[in-house]
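Encoded as structure tokens, the structure appears first; notes follow it.
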Amino acid sequence: ETRHVIQEVGFDGAVSTRWGRWNRPGREAGHLFNPKWVHETPGRDLLVADGHNHRCLLLGADGAERVIAPADRSLSVPTFIAEAGDGTYRICDAGLRCLFELDAAGSVIRQLGKAVARTRDFSFPRSVEVTGPGRYLIADTANNRVVEWDQGRLRPWTMEPGTGLSWPR
């Protein structure tokens, strides 16, 4: 996260840098700034939530770099990105306190949560899991809870008294 690189450890223990410049944050091509999440696709492309650059990237195994973001607004501090298999993407944005579902063109299909302090539903949403059509589990990290979103209704998961979560991802 703080070295501004994505590294890979081989089965032989060798470490190699896949993307970024060691200790050199930046927005220009080939640079990252505090990446919060990385996921390797089956095709060896990388999905990256590039937190302090306020963007998500699809980094091709061939070296191509593509920004994935809402077409009509800016991201604040993206912390998670996933591709749903149908060409849509899910992005958690901790700065905006919401989750975006985007189509391949960047149009917002759905937004869960709000950035307005008095009405926001999430605080530092960290990851999301699709559990069915219109259904999601969201790690609402700073509120120390997991929330189920089902067809527009929020339902926090209840825990046994005295147990609870601490900083769920």
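Numbers for residues simply follow the sequence, beginning at 1.
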Cluster question for you: counting only ILVMFWY and a side-chain heavy-atom cut-off of under 4.5 Å, with indirect links fine, are [X] and [Y] together?
| X | Y | answer |
| --- | --- | --- |
| L58 | I6 | no |
| F80 | Y89 | yes |
| L102 | L112 | yes |
| V48 | V5 | no |

State whether the side chain of [X] and the backbone N or O of [Y] hold a donor-acceptor pair below 3.5 Å, judged by distance alone.
| X | Y | result |
| --- | --- | --- |
| H4 | W22 | no |
| R110 | V108 | no |
| D140 | V146 | no |
| R21 | G30 | yes |

Nearest-0.5 Å distance that lies between atom [atom1] in [X] and atom [atom2] in [Y]:
| X | Y | atom1 | atom2 | result |
| --- | --- | --- | --- | --- |
| L46 | E8 | CG | CD | 8.0 Å |
| R66 | I68 | CZ | CD1 | 4.5 Å |
| E101 | Q111 | CD | CD | 12.0 Å |
| C92 | K36 | SG | NZ | 13.5 Å |
| I109 | F100 | CD1 | CZ | 12.5 Å |
| R145 | I138 | CZ | CD1 | 9.0 Å |

Subject >> For the student: nearest non-hydrogen atoms of N53 and L32, plus distance >> reply: ND2-C, 3.8 Å
Original post:
Considering all heavy atoms of both residues, which atom of A49 and which atom of P78 are nearest to each other, and what is their separation?
Top reply: CB-O, 3.6 Å
Subject >> Sole candidate of L59, V38, D50 that passes side-chain contact (heavy atoms from CB on, under 4.5 Å) when paired with W19 >> reply: L59
**OP:** Going by the side-chain contact (heavy atoms from CB on, under 4.5 Å) test, name the single residue among L47, L99, L75 that passes it with I91.
**Re:** L75
**OP:** For R24, look at atom CZ and say whether over 12 heavy atoms of other residues, nucleotides or ligands are found less than 6.0 Å away.
**Re:** no
Original post:
Side chains of R18 and S16: is there a donor and an acceptor less than 3.5 Å apart?
Top reply: no
**OP:** Give the intermediate values and the outcome of side chain to side chain contact (heavy atoms under 4.5 Å, CB included) for residues R90 and I81.
**Re:** CA-CA 5 Å; R90 303 331 186 257; I81 180 170; over 6 Å; no
Original post:
How would you list, by chain and number, every residue that makes a side chain to side chain contact (heavy atoms under 4.5 Å, CB included) with S76, sequence neighbours excluded?
Top reply: D93, L96
**OP:** With side chain to side chain contact (heavy atoms under 4.5 Å, CB included) as the test, would you mind laying out the steps for R27 and R55 before giving the verdict?
**Re:** CA-CA 10 Å; R27 188 165 179 81; R55 64 184 181 178; 3.8 Å; yes
Original post:
Are H39 and W37 close enough, and set up right, to give a side chain to side chain contact (heavy atoms under 4.5 Å, CB included), and what steps lead you there?
Top reply: CA-CA 7 Å; H39 172 75; W37 173 266; 3.7 Å; yes
